Amino acid sequence: MSLEDLKEQNILLPEEEWGTHKLETTIAEIPLAILFLCSAVSWFLAYLGDGNWLTWVSIVTFFVTFFGIILLCDRAVSKQRKRVKKEKKES
Amino acid sequence: MAESPQHQTELSRDLGVFTITMVGVGAMIGAGIFVLTGYAAGTAGPALILAFAGNGLVTFLTALAYAELGSAIPEAGGGYLWVKEGLPGPNAFLAGWMSWFAHSVAGSLYALGFSSYLGFVLHEFGVQTIAGIPIEAALFQKGLAVLIALAFIAINFKGVSETGLAGNIVTVIKVIIISLFIGSGLWVMFNNPVNWNNFTPFTPKGFAGVMSAMGLTYIAFEGYEIIVQAGEEVKNPKKNIPRAVFWSLFIVIPIYILVAIVAVGAVDTGSAQTTWQWLGNAGELGLAEAARQFMPLGTSLLLIGGLLSTMSALNATTFSSTRVSFAMGRDRNLPDFFARINESTRTPYLALIASGSLIIFMAIAVPIEDVAAAADVMFLLLFLQVNVAIITIRRKYGDKLDYGFLIPFFPFTPILAIVLMIVIAAYMFHFSPLGWYVVAGWIGTGFIIYYAYAKKRERAKRVSPVVLEQSVYKEKERYRVLIPVANPKTSKALIDFGAMVAKEKGGELIIMNVITVPQQSPLEVGRQYVKNARDRVIDEALEIAQKHDLPTSSVIRIARKPAKAIIDEVEDRDIDMVVMGWQGRRGSVETKIGSNIDQVMKDADCDIAILRGDNFSKVKDVFIPVAYPDQAHLMLEVGQLFEKEQQSDIDLYHIMPPYIEADKEAKKQRLNDLYEGLADLDVGLEDQEEAKHAIKLKVDTRVVEPIVELSSKHDLTIIGAAREGWFHKLIAGTKPEQIAQQTEGNLILVKNRRTTIQSGLLDVIEFFRSSEPERAQ
């Protein structure tokens, strides 16, 4: 698949915009990393809890952190569209 | 002199963020959870909860890749196409080959799941044998799976699919049943604290058991792939695809975890057997058996849920496997006949037969748990390839793509996903060596086919459908009349009428044809009918239009539903009036005018004229029944056109009930309001006095019958759209509908831009009223 093919399919950005858009994610990476780590840790703690109180506390923590992760991703989508619009204007 | 006509071809996008999220939720809360929970509990023990939570995390990592690529390359085909674009050599072929197998084998799993559930239902009703075959025998289960698979092959061949309505209802039913299951289970658990002991020991089969259960249930999480596969039909895909992927996971994962908690925690086996062993022994019926214990009407509801889920999942996998094999045939990875489309149903029938055969073969030849394992391993390997592809695509195309979402910590996130999926797939060998052998055999066969056959034939250059943005149009310069045409024989009357309006307004004509494609085929299939539509419909219509010497252009839209395409066009080009034809349904008990027309009348924000009749060129007298000034404006305007162009006489009538006629004050008030209102409209009636002379009065208790009678004495009747409230519409239909059904001659039904038809409540009523799937025009 060549650039020409993608251009033909209207998938590529116009040539004048190449190099004008950043490729860094718009997600807040540090909070995401913390939340993802918390999710993973709570998964392991639930495992270690062997069905006792630690398991249940960890599962609740897992729910909360997972919700946080989804919220961060959702916000990143909106931020990305805004950034692309801004970059288009600037270019 | 008229400008030369311009042609354009466009795809119609139907799905908003809510709908596409529900598509993902519907695909995930489905057969996987109903069929596999029992097996997974038997594999992991109470740590089934962790298997679901762990899958949530692993699947989230791949979902990030789907969000990025789905927004940057929103084409139907999803994973297969990205691997094709991102990876060299046999990878592309293998991605399609594996995807075809994964979806087909998932279909086998759902067919077997369906037959188990139906067998359970029959058993509940005391049926022991059918045609001498015991319902518990493997022969019965396999035979029933073959029959249901054949039924869905036939349904997919016809091009019939779940409508949005049916799909939504099935999803809502599934969610309600699962919620009841969770709710009643939690109730039991909190009222019997001893039940919490069911969770110890938590991991009786150790870490390997949890990993195997993760692998086994992985298939239940792949529903977000459906979101991306529908990419070409999603509105604003850059934003809506990633959001739908994330929110569908957020809804589904907690539900799965709660199902696991309740399935293990609320059951009392009544013996020394642990609940997870008990669930494992029940296999695909584990959830139904659990529901029997603690949920009111539990078994029945779970069986309904299981049957609905397996059927809708079988339907979805039948057409997704067909789509993949069709795409491979089109790309010459498989023989050309895979890409052949049936002319009448527009479905890829040979790809469907091949996929159906694969579904049936796997259902017959392999036990259900190994079928599940094979499908799971194949999906894991497929998603693994997507995670590799995202790295190469980002490196190859970099900032040349318009991303709606970008993966964080790139490329470490996809690498982590790859590692985790390899680990899970490896653990699956633990659970089902046979499943792994089947997968290895399929991939090995794929390699042989690639090097012996496909490599030589593969197209160097693949031209796939253009996903057109629909927002870039030249500035609107004049009044626009849109005329959707389907049949050249009947389009003349529409075009002549449209031209009459456009000429009066100094406007232009846009001739439109909609190519409908059933859901079984990608929208791109419609492109092969563009030439035919242009030659057969558009060119002939343009020839008629050009006689009127007006600026004219044409557009062909490829869509699932004609009405949606028309509404899109109205929005995109800021259309002022739509002129549509209606063939009429005399003698039909159906009171609605037609599903496409109804939807356009309800949702298109412009004036609308619906014409019934073949010849509007010699209209001597026009009959217009007026009831309220606000709806009369367009009726009078249209009437005036005929008066001006064909010197037609206009008869305005007002039907008055006898009780108002008898009350002098009420009569005076009503007529004054009408005369005043009509004079204010400034459409031919100078003042109230002229309105008074123009309008004839007819006293009758009925409304429809006198109009039908007067209509028969005129060449043309012009009526306005309904003004009744939603309740009247619901129970009796509308008066215009009744008039349209009962009159015989030429009829024009008009609706002003933004009438009271549109209201939130009516939308809800319409949602539950509409029952028929949209048909191709």
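Residue numbers start from 1 in every chain, and the chains themselves are labelled A, B, ... in the order their sequence lines are given, proteins ahead of strands. The figures here come from the full heavy-atom set of this structure, side chains too, leaving out hydrogens, waters and symmetry mates. Computed from a predicted structure; not experimentally measured.
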Asker: Of all the heavy-atom pairs spanning F405(B) and A76(A), show the shortest one and how long it is.
Answerer: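 Where F405(B) meets A76(A) most closely, the heavy atoms are CE1-CB, 4.1 Å.
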Asker: Go through it in stages, so that I can follow the logic: the residues are Y397(B) and L13(A), the test is side chain to side chain contact (heavy atoms under 4.5 Å, CB included), and I'd like the CA-CA distance, side-chain angles, deciding distance and then a yes or no.
Answerer: CA-CA 10 Å; Y397(B) 302 115; L13(A) 286 163; over 6 Å; no
Asker: Could you walk me through whether C73(A) and F60(B) satisfy the side chain to side chain contact (heavy atoms under 4.5 Å, CB included) test, starting with their C-alpha distance in whole Å, then the side-chain angles of each, then the deciding distance to 0.1 Å, before giving a yes or no?
Answerer: CA-CA 11 Å; C73(A) 291; F60(B) 167 74; 3.7 Å; yes
Asker: How about L406(B) and H21(A): do any of their side-chain heavy atoms sit closer than 4.5 Å?
Answerer: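 Not in contact.
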Asker: Would F246(B) and V77(A) count as a side chain to side chain contact (heavy atoms under 4.5 Å, CB included) if you check the C-alpha gap in whole Å, the side-chain angles of each, and the deciding distance to 0.1 Å?
Answerer: CA-CA 10 Å; F246(B) 297 134; V77(A) 175; 4.1 Å; yes
Asker: Given side chain to side chain contact (heavy atoms under 4.5 Å, CB included), test L23(A) with Y403(B) step by step and report yes or no.
Answerer: CA-CA 9 Å; L23(A) 275 178; Y403(B) 298 95; 3.5 Å; yes
Asker: Please flag which part of L50(B) lies under 4.5 Å from any non-hydrogen atom of chain A: side chain, backbone, both or neither.
Answerer: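 Contact with chain A involves both backbone and side-chain atoms of L50(B).
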Asker: Output the distance between atom CG (L32(A)) and atom OG1 (T413(B)), rounded to the nearest 0.5 Å.
Answerer: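 Answer rounded to 0.5 Å: 8.0 Å.
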Asker: Quick one: which of T55(A), I70(A), L71(A) has the most heavy-atom pairs under 4.5 Å with chain B, could you say?
Answerer: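 Heavy-atom pair counts peak at I70(A).
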Asker: Does some side-chain heavy atom of I49(B) sit less than 4.5 Å from a side-chain heavy atom of I59(A)?
Answerer: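 Touching, per the 4.5 Å side-chain cut-off.
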Asker: Is it the case that D399(B) and W18(A) place a side-chain donor and acceptor less than 3.5 Å from each other?
Answerer: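 Note: D399(B) and W18(A) side chains miss the donor-acceptor criterion.
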Asker: Please classify the contact of K79(A) with chain B as side chain, backbone, both or neither, using a heavy-atom distance under 4.5 Å.
Answerer: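 Neither part; nothing is under 4.5 Å.
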Asker: Looking at CG of L57(B) and CH2 of W43(A), how far apart are the two atoms once the value is rounded to the nearest 0.5 Å?
Answerer: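 Interatomic distance, L57(B) CG to W43(A) CH2, rounded to 0.5 Å: 9.0 Å.
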Asker: Please say whether more than 12 non-hydrogen atoms of neighbouring residues, nucleotides or ligands are located less than 6.0 Å from NZ in K88(A).
Answerer: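 Yes, NZ of K88(A) has more than 12 neighbouring heavy atoms, counting only those of other groups under 6.0 Å.
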Asker: Strictly distance-based, threshold 3.5 Å: is any side-chain N or O of T200(B) a donor or acceptor partner for the main-chain N or O of G51(A)?
Answerer: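 Looks like no, no N/O pair under 3.5 Å.
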Asker: Minimum heavy-atom separation for P408(B) to T25(A), with atom names?
Answerer: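 Answer, listing the atom of P408(B) first, then T25(A): CA-CG2, 3.7 Å.
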Asker: Identify which part of V84(A) has an atom lying under 4.5 Å from any heavy atom of chain B, answering side chain, backbone, both or neither.
Answerer: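 Side chain only.
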Asker: Is A72(B) in contact with chain A via its backbone, its side chain, both, or neither, using a 4.5 Å heavy-atom distance?
Answerer: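 The answer is the backbone of A72(B).
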Asker: Heavy-atom pairs under 4.5 Å with chain A - which of N198(B), L249(B), I257(B) has more of them than the others?
Answerer: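 If we count pairs closer than 4.5 Å to chain A, I257(B) comes out on top.
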Asker: Measure distances from T20(A) to the heavy atoms of chain B and classify the residue's part below 4.5 Å as side chain, backbone, both or neither.
Answerer: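 Backbone only.
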Asker: So what's closer than 4.5 Å to chain A heavy atoms on P254(B): side chain, backbone, both or neither?
Answerer: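 For P254(B), backbone and side chain are both near chain A.
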Asker: State whether the side chain of E29(A) and the backbone N or O of F409(B) hold a donor-acceptor pair below 3.5 Å, judged by distance alone.
Answerer: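 Yes: the side chain of E29(A) pairs with the backbone of F409(B).
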Asker: Indicate yes or no: at least one non-hydrogen side-chain atom of K400(B) is less than 4.5 angstrom from one of L12(A).
Answerer: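 The answer is yes, as the side chains (C-beta and beyond) meet within the 4.5 Å cut-off.
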Asker: For chain A, which of W247(B), W196(B), F202(B), F410(B) has the most heavy-atom pairs under 4.5 Å?
Answerer: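 Most pairs with chain A among the choices: F202(B).
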Asker: Is A53(B) in contact with chain A via its backbone, its side chain, both, or neither, using a 4.5 Å heavy-atom distance?
Answerer: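 Contact with chain A is through both the backbone and side chain of A53(B).
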Asker: Check the angle between the aromatic planes of F199(B) and W56(A) and answer parallel, tilted or perpendicular using the 30° and 60° thresholds.
Answerer: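 Taking W56(A) first and then F199(B), their aromatic rings stand perpendicular (interplane angle over 60°).
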Asker: Under a 4.5 Å heavy-atom cut-off, does chain A meet the side chain of V210(B), its backbone, both or neither?
Answerer: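 When you check distances to chain A, only side chain atoms of V210(B) fall under 4.5 Å.
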Asker: Counting distance only, does the side-chain N/O of Y47(A) pair as donor-acceptor with the main-chain N or O of F207(B) below 3.5 Å?
Answerer: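 It does hold such a pair.
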Asker: So, are D402(B) and R81(A) salt-bridged, with charged N and O less than 4.0 Å apart?
Answerer: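 So D402(B) pairs with R81(A) through a salt bridge.
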Asker: Please look at I27(A) and chain B and tell me whether the side chain, the backbone, both or neither of the residue comes under 4.5 angstrom of a heavy atom of that chain.
Answerer: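 Interface part for I27(A): side chain.
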Asker: Under a 4.5 Å heavy-atom cut-off, does chain A meet the side chain of L61(B), its backbone, both or neither?
Answerer: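 Contact with chain A: side chain only.
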Asker: Quick check on F63(A) against chain B: is it the side chain, the backbone, both or neither that has a heavy atom closer than 4.5 Å?
Answerer: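 The side chain, not the backbone.
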